[in-house]
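Residue numbering restarts at 1 for every chain, and letters A, B, ... go by the order of the sequence lines.
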There are 2 protein chains.
Amino acid sequence: MARSSTLSPERIVDTASSLISERGLAGFSMRKLAVALDVTPMTLYLRFDNKEALLTEVASRNLQGIRVSIRDDDPWEQRVSALATGLRAHLVADRNLLQLYAQSDQISSTTLAAVDLGLGLMEEAGLAGEAAVAAFRVVFWHAVGSALVLAALGDLPANQGTAIVAALTTTEASERTARLGPYFGPVDADEQFQYATHCLVTGLASDIASSADSAARKELS
Amino acid sequence: MARSSTLSPERIVDTASSLISERGLAGFSMRKLAVALDVTPMTLYLRFDNKEALLTEVASRNLQGIRVSIRDDDPWEQRVSALATGLRAHLVADRNLLQLYAQSDQISSTTLAAVDLGLGLMEEAGLAGEAAVAAFRVVFWHAVGSALVLAALGDLPANQGTAIVAALTTTEASERTARLGPYFGPVDADEQFQYATHCLVTGLASDIASSADSAARKELS
DNA sequence: ACCTGAACACCGTTCAAGT
DNA sequence: ACCTGAACACCGTTCAAGT
């Protein structure tokens with residue numbers, strides 16, 4: 001009879017995930033996890049090769065939950081932007097876990113319903129095969145990159161803003177940089193992302209349109 | 001008389017920097033640094049509050065070396081792309097140090113000649129004040145985000161490519177995703193970045209142009 | 001088969017003491 | 001003023017032994 005107390009790998013990953021989410025990656029240790037599960041540290045090593053393997057599993061499991069939904073009647077640019085925003089929002093939702101993704105090499109090796117959605121958008125724009133995948137990658141990594149930047153900068157955009165002003169004005173700043181320095185105030189990371197995404201998607205659309213043109217010209221000649 | 005053996009903070013930071021660069025951040029410790037400097041660990045704590053403060057100093061010092069040069073006679077889009085590419089190249093140059101930047105909250109608080117260059121490009125495009133800074137930020141964080149993505153994924157794009165194919169085909173993949181799965185092969189990270197940068201800069205240029213239009217319209221009415 | 005206690009080789013950091 | 005030895009409270013991981 002399978003005792004309910006049997007320590008399944010799933011329960012280990014679950015507990016590790018909530019410990020990290022609650023107290024942060026820096027405060028996480030195999031020993032604390034063992035205490036939380038009421039076992040000896042060694043017991044964990046019977047399920048996972050080492051700490052890194054366990055963390056990879058935690059990251060992978062958490063990323064599988066990504067779901068993004070967009071409104072079908074919106075224009076193309078807006079739907080692509082919504083996809084990027086949704087992806088980023090999921091990654092950013094839990095700072096402690098995001099920190100984990102950045103160390104686990106696993107972002108791309110998880111199943112994403114969002115991948116299918118994104119590929120659909122690219123095919124709708126007229127791209128096929130490798131070109132569709134390449135265009136999707138641009139949007140996908142844009143969202144991931146923005147999330148990683150946010151994680152790297154921590155939760156103190158105000159602090160960061162003042163810091164750059166200080167750096168820009170103390171050193172041999174050019175007239176231009178000194179003049180624009182004050183505008184390096186606190187950034188609204190979401191607003192910043194929206195602007196960047198708008199530019200990226202606009203550029204992507206125009207690139208797709210112009211390569212469709214040149215393909216059409218090629219067919220005529 | 002100042003003995004040459006006096007342990008300056010600079011020498012500590014220098015040694016820490018090369019230890020991390022050579023053997024990686026994971027293998028770095030205050031004790032090993034102390035051995036390398038032939039002092040007691042405690043001596044380091046007389047100069048720095050703790051390990052984190054020392055690492056922040058290392059990151060900050062390394063980022064101050066960023067220099068990007070672009071060709072003045074290239075078209076605007078190309079120069080902006082070159083700026084982004086140069087920034088990213090510097091960040092990516094040393095993987096071990098990049099890992100460090102991602103943890104140090106310091107990317108933006110260092111002096112960058114590149115900042116001045118980027119701001120100049122935005123003013124040249126007709127942007128002023130806050131709008132110039134916002135546009136520059138888009139390009140800057142695009143480069144940083146891409147570098148962080150690269151660091152997060154490690155040096156194994158081939159591996160990563162096959163992993164996503166496996167994930168896409170094993171699960172309930174839609175017809176579309178299964179069909180496009182094979183195109184998720186190994187990615188050339190630099191090529192990927194070039195494409196994304198091209199889209200971003202194209203979109204930025206068109207956004208600048210269209211807001212100049214609407215500003216002109218406003219002035220006429 | 002599954003789990004444990006004790007140990008090894010490390011950490012970051014601090015104390016009281018030396019010169 | 002500047003540096004040290006010894007210690008504290010942790011780590012990840014492994015061994016040999018238990019049931």
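Using a 4.0 Å heavy-atom criterion, one finds that B/Met42 contacts the bases of the nucleic acid, with or without backbone contacts as well.
Remark: C1' of D/dC11 and CD of A/Glu52 are 16 Å apart, rounded to the nearest angstrom. Rounded to whole Å, the distance from OH on B/Tyr45 to P on C/dC15 is 13 Å. Regarding A/Phe28, its CZ atom lies at a distance of 17 Å from the P atom of D/dC10, rounded to whole Å. Atoms CZ (A/Arg31) and C1' (D/dT14) sit 11 Å apart, rounded to a whole Å. Between B/Leu46 atom CG and D/dA1 atom C1' the separation is 10 Å, expressed in whole Å. Atoms CG (B/Leu44) and P (C/dT14) sit 13 Å apart, rounded to a whole Å. Protein atom CG of B/Asp38 is 11 Å distant from nucleotide atom P of D/dG5, rounded to whole Å. Rounded to an integer number of Å, the gap from B/Lys51 NZ to D/dC10 P is 17 Å.
The partner of C/dA17, taking Watson-Crick or G-U wobble pairs whose two distances both stay under 3.5 Å, does not exist in any strand shown. Nucleotide C/dC8 forms a pair with D/dG12, judged by Watson-Crick or G-U wobble geometry with both contacts under 3.5 Å. Judged by Watson-Crick or G-U wobble contacts below 3.5 Å, the nucleotide C/dC3 has no partner.
The main-chain N or O of B/Ser17 is never found under 3.5 Å from a side-chain atom of B/Ser21 such that the two would form a donor-acceptor pair. Without hydrogens or angle criteria, B/Lys32 side chain to B/Gly27 main chain gives a donor-acceptor distance under 3.5 Å. Of the possible donor and acceptor atoms, one in the side chain of A/Thr202 sits under 3.5 Å from a partner among the backbone N and O of A/His198. Under the 3.5 Å distance criterion, the side-chain polar atoms of A/Thr43 are matched with a main-chain donor or acceptor of A/Thr40.
Atom C1' of D/dA17 sits at a distance of 15 Å from the matching atom of C/dA1, rounded to the whole Å.
Both A/Gly27 and A/Asp49 sit near DNA chain D, but only A/Gly27 has its closest nucleotide nearer the 5' end.
Of the side-chain N and O atoms in A/Lys32, one or more sit less than 4.0 angstrom from OP1 or OP2 of D/dC11. A/Thr43 has no side-chain polar atom (N or O) that falls below the 4.0 Å cut-off from OP1 or OP2 of C/dC2.
In the set C/dG5, C/dC11, C/dT13, C/dG5 carries the atom at the smallest distance from any side-chain atom of A/Thr40.
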